[in-house]
Amino acid sequence: MTDNRTLISRFPHLKEDFAASLVVFLVALPLCVGVSVASGAPAELGLVTGIVGGIVTGFMRGSSLQVSGPAAGMTVLVYEAVKEFGLPVLGVIVLAAGVLQVAMGLLRLGRYFRAISVSVVEGMLAGIGLVIIAGQLYPAMATKAPDSGLDKIFGVPGALWDAFGETKALASLAVAAGTIAVMLLWKHTPAKVRALPGPLAAVGLATLATVAFDLPVATVEVQGLLGSIQPPPLSAFGELAGVGLLGTVIAFTLIASAESLFSAAAVDRLHSGPRTEYNKELLAQGAGNMVCGVLGALPMTAVIVRSATNVQAGARTKASRVLHGVWLLLFAALLPDVLAYIPIPALAGVLIHAGSKLIPVRSLAGLWREHRGEAFVLAATAVSIVAVSMFEGVLIGLALAVVKTAWEASHVKLEVVDKGAGPIEAYLAGNATFLRLPKILDSLESLPQDRPVRLDLSGLHHLDHACRTALDNWAERHSAAGTEPVKLLTTAA
């Protein structure tokens with residue numbers, strides 16, 4: 001009795017956290033496996049990342065209710081890295097990214113990720129969602145996906161047409177469609193039924209149907225937990241000297257960090273408990289990725305689906321996410337053969353459903369009405385990721401966001417007062433930057449050449465070098481026409 005009271009006093013929310021951990025485990029299980037298979041890695045590696053995310057990152061300080069593991073948002077980048085550099089080098093990339101995350105956390109750079117334009121982040125997720133959907137339609141049809149994002153999208157109609165002529169492809173497509181249908185309809189089932197998470201129910205029903213009807217569909221290949229863990233060989237670290245690999249490491253670091261910290265901000269809005277300490281959360285994510293790298297596993301990020309589930313299930317402390325990692329470990333150690341019964345098209349269906357949630361269809365219409373510049377940055381980022389690649393697409397989005405902000409910040413007003421006699425008076429106010437230079441020069445060059453001009457710059461808050469040089473050159477040209485020299489006033493008269 002005394003022991004029970006001591007346990008309750010030390011862990012007052014153990015009951016709530018225990019129940020929440022089971023729910024998060026049931027949500028995480030199919031997603032860990034699905035993300036790993038879609039990334040071109042053994043299914044068990046996704047479980048390894050989920051285990052590390054729960055037990056290692058879960059113990060550390062940062063965001064108390066956020067849950068980490070393999071994320072659908074990293075699937076495209078991981079798949080490209082595995083295809084280009086090979087699975088052994090993936091561990092090196094993840095380890096190096098973790099080291100950079102720890103360094104950024106120690107340098108207290110975590111808070112600066114909140115300065116990244118939301119439209120760029122949403123565009124990144126939308127682009128990833130499109131590539132995931134297009135890419136997973138091919139395993140759903142039991143066929144090989146093309147390499148590039150554009151080929152994946154444009155090749156879907158032809159692959160779908162071919163699928164209707166093959167029994168195996170039709171069976172696979174039916175399993176994927178059934179999985180998606182179950183997840184879409186699950187929210188309409190009775191509350192007691194909904195206690196079982198939709199993704200797990202969908203994959204479970206698909207597995208039962210495949211076994212019961214002996215459907216000719218591909219299933220997950222199982223290597224065993226210890227067999228799948230392959231620490232990167234020392235020779236793989238030599239790849240870090242290559243520019244291409246370093247670019248991939250930076251992409252992993254920035255995208256994983258941004259997704260984790262934006263997820264933390266979203267989770268903070270769901271509960272009234274302790275707020276996220278961003279630098280400590282970045283340290284926790286980095287430590288987790290370093291362990292994943294040493295084990296040769298997938299990279300981890302904080303995952304909003306699992307984190308929101310954790311909060312909604314009643315979690316109160318970090319114990320829930322640690323326990324969810326324990327349950328994943330017990331499953332991977334005791335029941336690994338169960339994975340061999342899971343149909344690949346069912347996992348494709350889970351990821352197609354997850355990818356669709358990354359595309360902000362509803363908010364994009366409202367954004368277009370109220371902030372067209374932000375909507376343009378979002379759409380351009382998404383299209384760039386699909387057309388080029390993840391890293392370049394994000395860089396294009398960031399560049400566009402900076403240009404948009406600079407354009408909006410460089411508001412300048414030119415007022416011309418001509419009293420008919422004496423000099424023409426022109427007043428510039430606002431922020432004069434090179435972005436507005438064509439407009440300024442067009443207005444000034446339209447002034448009569450035979451009249452003296454008095455240009456008052458005292459109303460400017462900022463005048464960049466390009467504008468100052470252009471105004472001086474214009475004044476020199478205007479004065480060369482034989483009129484009285486242009487007077488430039490930089491202080492109030």
Side-chain angles (χ1 to χ4, degrees), residues 35-36 38-42 44-46 48-53 56-57 60 68-71 73-110 112-113 116 124 128 131 147-148 227-261 279 281-302 385 388-399:
V35 168
S36 190
S39 300
E44 292 89 345
L45 287 184
V48 172
T49 300
I51 292 165
V52 174
V56 177
T57 304
M60 300 183 71
S68 299
M74 293 289 288
T75 302
V76 177
L77 196 58
V78 176
Y79 178 81
E80 290 177 355
V82 171
K83 184 178 68 174
E84 183 174 355
F85 302 108
L87 196 57
V89 182
L90 178 64
V92 175
I93 296 171
V94 176
L95 175 59
V99 171
L100 287 180
Q101 285 182 307
V102 169
M104 290 192 298
L106 293 174
L107 293 172
R108 304 181 64 81
L109 299 179
Y112 291 109
F113 278 87
I116 297 177
M124 177 189 77
I128 292 169
V131 176
D147 291 332
S148 73
S228 63
I229 295 176
Q230 297 182 3
L234 291 177
S235 59
F237 287 88
E239 299 285 341
L240 287 172
V243 176
L245 191 70
L246 288 176
T248 302
V249 170
I250 293 171
F252 270 58
T253 305
L254 295 180
I255 293 171
S257 301
E259 188 169 344
S260 295
L261 297 184
N279 295 312
E281 178 64 17
L282 201 53
L283 280 170
Q285 294 294 325
N289 274 319
M290 287 172 66
V291 174
C292 287
V294 170
L295 297 175
L298 272 63
M300 76 164 60
T301 74
I385 287 173
V388 189
S389 72
M390 169 83 79
F391 190 41
E392 285 82 352
V394 172
L395 291 180
I396 290 171
L398 288 172

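With rounding to the nearest 0.5 angstrom, the CG atom of Leu254 is 8.5 Å from the CG atom of Leu100. Within the model, atoms OG1 of Thr57 and CG of Leu283 stand 11.0 Å from one another, a figure rounded to the nearest 0.5 Å. Separation of atoms CD1 (Ile93) and CZ (Phe85) is listed at 5.5 Å; rounding is to 0.5 Å. Here Phe252 contributes atom CZ and Leu245 contributes atom CG; the two are 9.5 Å apart, rounded to the nearest 0.5 Å.
Listed by first then second residue, pairs satisfying side chain to side chain donor-acceptor pair (under 3.5 Å) with a partner in residues 74-93 number zero, not counting sequence neighbours.
For Leu246, there are no side chain to side chain contact (heavy atoms under 4.5 Å, CB included) partners, not counting sequence neighbours. In this view, Leu87 and Ala41, Pro42, Leu45, Val82, Leu90 satisfy the side chain to side chain contact (heavy atoms under 4.5 Å, CB included) rule, not counting sequence neighbours.
Heavy-atom minimum distance, Ala97 versus Val249: N-CG1, 3.9 Å. Of all non-hydrogen atoms in Ile128 and Ile385, the two that sit nearest each other are N-CG2, 4.3 Å. Scanning both residues, Val78 and Ser39, for their nearest heavy atoms gives CG1-CB, 3.7 Å. In terms of heavy-atom proximity, Pro70 sits nearest to Leu298 at CB-CD2, 4.2 Å. Taking each heavy atom of Glu259 and Ala71 in turn, the nearest pair found is OE2-CB, 3.8 Å. Taking all atoms of both residues into account, the shortest heavy-atom contact from Leu282 to Gly110 is CD2-CA, 3.8 Å.
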Can I get a per-line list of side-chain donor-acceptor pairs under 3.5 Å for residues 230-244, giving both atom names and the distance, sequence neighbours left out?
none

Report all side-chain donor-acceptor pairs from residues 284-297 shorter than 3.5 Å, counting only partners two or more places apart or in another chain.
unit_1 : atom_1 : unit_2 : atom_2 : d
Gln285 : NE2    : Ser68  : OG     : 2.8
Gln285 : NE2    : Glu281 : OE2    : 2.8
Asn289 : OD1    : Met300 : N      : 2.7
Asn289 : ND2    : Gln101 : OE1    : 2.8
Asn289 : ND2    : Gln285 : O      : 3.4
Asn289 : ND2    : Met300 : O      : 3.3

